[in-house]
Structures are given as structure tokens and as C-alpha cells.
2 protein chains.
Amino acid sequence: MSEIKPEISSTEEKIMEAARKVFLRKGYAGTRTRDITLEAGINHALLNYYFRSKQKLFEAIMQEKIVKFLGNLIPVVNDETTSLEQKIHLVVVNYTEMLLENPDLPIFVLSELQKGNFEAIPIVKVVKDIANSSFFRQVATARPDINPAHFFMTMLGMIIFPFVARPMIELSGLVSHSSFNGMMEERKTLITAWMKTIIHEKPM
Amino acid sequence: MSEIKPEISSTEEKIMEAARKVFLRKGYAGTRTRDITLEAGINHALLNYYFRSKQKLFEAIMQEKIVKFLGNLIPVVNDETTSLEQKIHLVVVNYTEMLLENPDLPIFVLSELQKGNFEAIPIVKVVKDIANSSFFRQVATARPDINPAHFFMTMLGMIIFPFVARPMIELSGLVSHSSFNGMMEERKTLITAWMKTIIHEKPM
DNA sequence: GTCTATAACCTGATAGAC
DNA sequence: GTCTATCAGGTTATAGAC
């Protein structure tokens, strides 16, 4: 039985891995292709041999990063078998854990999206799936008086914001570099409880 | 009575104004000094005559933007005469209004800070003032069981996140471009109420 | 202060040997 | 597939005339 999917050449993977690291830290405009080939430890000409251009390589990385940024939300918010409370808990815990492993992801994705450095079409479907999910219907049922988008933005804001603002938070001395991750662990419980509270609060 | 403070030359102000616009949209690395001089309608050599380098001009703009990003928080969180509830309301309202006038400000400041494109020292004092403010002491008194930083990050996250994630939110169809500002107006009331609720919630 | 011209360098990309 | 060498164009910055 022969391999159907060809092995990705080790060189190609080395370039991808280096590109992930450098693009994530410096963004598209701030990255020099030489930074990537140096980081990858390969000859400069090979980048163009494998990916044709900086732009194409960036789009390959961006594709991956958007899937990572939004992908793990979809199975949770679309699950028709779980309650709203269960979904809140799962989103908060899963998303926080993903961010603890990829702390620079949100600022990268959101900033590149704002700058328009790539073709946004591939993410439209993903993001629309979330907007039409079971989660949104459950929120709308629980609180017909408030646009469900408010709760969703609030939940994601509570989860994501500390990661986006991390440099500023650490400069303030509010949270030290070494205690940041521990605080994010604490927030899993806090945010879950807060979201339940504000959703079940009696309409004014 | 003669002017003590010399007038800023019209050319210098034209360059600053163009730089504000271009840096904010494209970031430091994505900006070409020619974009700025073209936008300003002035000769290219004048940028270096007035500001010596792209880097120095950027630092002048960044200084302004950080003051705008954090400055209007300080008088509110440091006011010893207001209650915690009043401070929450004032922060939410004032900050939302500032963001409605400067929607690209957070992603710009936070992304440049993450990339380390400027000297961060000037903001340390500002950010420490907030961390040691009356607001923080009042939160600590109201909820000795939870690190006050959690409430602060939560409040700012609820306010700022929609602006940072705006491109993605609009792609999702959750909020249309034309209804975004209206939703942010709605959030003033919602966030104020939510913050009061979670602070006064009985400790578990 | 403002302009033209250009220096000095950097960057992405490719040609062509191996 | 990988390498060396190099090009073409872009970018910041400055010299020097007005």
C-alpha cells in the first residue's frame, strides 16, 4: 500500500515552522523573508522555490492561524445536545486553554485582519457559522430583551482581552509575567460564573 | 503680550496629521515615509528636516496615542470623591465615547506595544497610576475574595474588545457596519449594569 | 524652510550552476 | 532540490542649491 498523500518535504516544513514563528511575532509588514530563512536555517532561494512569494507563504500561515483562532469554538457552539450553561463553561475553558498555548494569536489575527494583509473570504463561512449557532439561539431564548451578540462579544472580550493587552498589563505591575498564566486559570471559573449571572439576571 | 509658546509651523503640523492617519492604519512597519509626505502634500525631504527620522516621527505619534488610550481613565479612577458605582459608570461611558471617536486606537497601540516598535518607558508611570488608583482600592474593599485586576481586565475587555475585533464581527454578519456604533451605545448601559452585578454578587 | 537629486542600503525574487 | 550570485526596485536619509 503506497502513500497517497505525499510527504511534506522536511525543508518545506522547516520554512513553515519558521514562518509561523516570525510572522506571529512581527506581522506581515515587519517580517523580512531573510528573517524566516535564517530562522529556518535554510538557503534563501528555497523560500521562493517552495512558496513562490512572501505573500503566498503568509497566506498559508494565516489560513492556519484563523482555523486555530476560531475553529475550536464551532463544535461547542453548534452542539445541539448541550445546555447554554454547559456551552458557556466549555467555551471559556477550551478557549482559555487554547490561548495559554497561543498567547500571541489574537493580536496577530486581529491586527492583520484590520490591516487587510490577506484575503478575508476564507474566514467568512467560519464566522457566519458561529453567528447562526445553537449557542446564539439559546441566548436569544434566555434573554429576548438583548441582542445575543452583546453576550458573545462580552464573553470573548473577557477571555481574550487580557492576552491582547498583556504587555500593558505587565508594565502596570498589576500582573507579573510569572503570575499571568495562573491568573488566566483563575479566570476560567470567574468568567463562567459571571456569564451565567448576567444571562440569568432579571430583565430591567 | 507676546506669545510665549512658539506656533507650530503649519508644515510640521501637516506632517503630524498625515502621520497620525497613516501610522494608525498601517502600523509602523507597514508605513512608508512617502505615504506620509504624499498624504501631507509636502516635499519628502521635509519629513527628515522636521523629525530627523521615521522612527522619531513615529515615537511622537505613539506618545500622543498612548495618552489618548489611557489618559482619560486616570482622572476617573483616581477621583477620591466618587463611589465605585459612579466610577464604573463614568469609565464605561467616557471610554466608549472615546473609542467611538477613535475606533482604530486599541488595535494600533496594543499591536505596536506587542511588536516593541517604540520605547515603552513613558507609559509605565501612567499605567502604574491606574494600578494604584482609588478605583482599585474600592474594588478590593468590595470584593476582598478576588484580585481587583480581574474586574479591571473584565471591564476594559467588555468595552474594548468589540472595537479590536470589529472586522471579524462585521464579517460574521452579527453586527452590520452601519449598526456598529449604535450597538456600542447600547453597551454603555449593559456593561455598567453587568459590572455592578458581578461586583455585588455574593462570594461563592 | 523648501526643493531637486541622489546616495546608501535593504528587500523580494530569480537565473543558472551543481 | 539546493546553492551562489545578483538584479531590479523600493526605502530612508542627506547633500547642496535656492
Side-chain angles (χ1 to χ4, degrees), chain A residues 2-63 65 108 111-112 115-119, chain B residues 2-3 5-63 108 111-112 115-119:
Chain A
S2 64
E3 282 291 339
I4 294 174
K5 189 173 181 180
E7 289 296 322
I8 290 176
S9 93
S10 154
T11 301
E12 183 170 349
E13 187 43 47
K14 265 192 254 173
I15 297 172
M16 287 282 278
E17 191 50 37
R20 284 182 196 104
K21 193 184 291 191
V22 179
F23 277 136
L24 205 75
R25 196 168 58 234
K26 305 190 174 187
Y28 177 75
T31 293
R32 305 288 90 113
T33 53
R34 278 171 173 78
D35 300 340
I36 295 174
T37 53
L38 193 71
E39 172 79 33
I42 54 109
N43 185 281
H44 185 74
L46 290 174
L47 188 151
N48 293 86
Y49 175 79
Y50 281 101
F51 294 94
R52 242 191 59 202
S53 71
K54 177 188 177 185
Q55 179 69 33
K56 294 259 183 267
L57 173 57
F58 179 75
E59 277 163 16
I61 302 298
M62 198 68 198
Q63 188 82 17
K65 294 302 177 188
F108 171 74
S111 150
E112 294 299 328
K115 294 193 177 66
N117 281 336
F118 75 106
E119 191 46 73
Chain B
S2 62
E3 282 290 340
K5 192 171 179 182
E7 290 295 322
I8 291 175
S9 97
S10 155
T11 300
E12 183 170 349
E13 187 43 48
K14 265 191 254 173
I15 297 172
M16 286 283 277
E17 191 50 36
R20 283 182 196 103
K21 194 184 289 190
V22 179
F23 278 136
L24 204 75
R25 196 168 59 236
K26 305 189 173 185
Y28 178 74
T31 293
R32 305 287 91 111
T33 54
R34 274 173 174 77
D35 300 341
I36 296 173
T37 53
L38 193 71
E39 172 80 32
I42 54 109
N43 184 282
H44 186 76
L46 291 174
L47 189 150
N48 292 87
Y49 175 77
Y50 281 102
F51 295 95
R52 242 191 61 202
S53 72
K54 176 188 177 184
Q55 179 70 33
K56 294 258 183 268
L57 174 56
F58 179 75
E59 277 164 15
I61 302 298
M62 198 68 197
Q63 188 82 15
F108 171 74
S111 150
E112 294 299 327
K115 294 191 176 68
N117 280 336
F118 75 107
E119 190 46 73

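We name chains A, B, ... by the order of the sequence lines, and we start the count at 1 in each one. Hydrogens, waters and symmetry mates are skipped; everything else that's a heavy atom, side chains included, is used. Values in this document were obtained by computation on a predicted structure and should not be read as measured data.
The nucleotide whose nearest atom lies closest to any side-chain atom of B:Y50 is, among D:dA13, C:dT2, C:dT11, C:dT2.
Following rounding to the nearest Å, A:L46 (CG) and D:dT4 (C1') show an atom-to-atom distance of 12 Å. Atom NE2 of A:H44 is separated from atom C1' of C:dC10 by 11 Å (rounded to the nearest Å). When the C1' atom of C:dT11 is taken as reference, atom CG of A:L38 falls 15 Å away, rounded to whole Å.
B:T11 has a side-chain polar atom (N or O) that falls below the 4.0 Å cut-off from OP1 or OP2 of C:dT2. The phosphate of C:dT4 (OP1 or OP2) has a side-chain N or O of B:N43 nearer than 4.0 angstrom.
With a 6.0 Å cutoff to the six-membered ring centre and a 45° limit on the axis angle, B:K56 does not count as a cation-pi contact of B:Y50.
B:R52 comes within 4.0 angstrom of the backbone, heavy atoms only, and of no base. Among the heavy atoms of the strands lying under 4.0 Å from A:T31 are primed sugar atoms or P, OP1, OP2 only; no base atom is included. Counting non-hydrogen atoms under 4.0 angstrom, B:Y49 reaches a base of the nucleic acid.
On a pure distance criterion of 3.5 Å, no polar donor-acceptor pair joins the side chain of B:R32 and the base of D:dG10.
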task = Under the side chain to side chain donor-acceptor pair (under 3.5 Å) rule, what do A:S10 and A:K14 come out as? Steps first, then yes or no, please.
result = CA-CA 6 Å; A:S10 154; A:K14 265 192 254 173; 4.5 Å; no

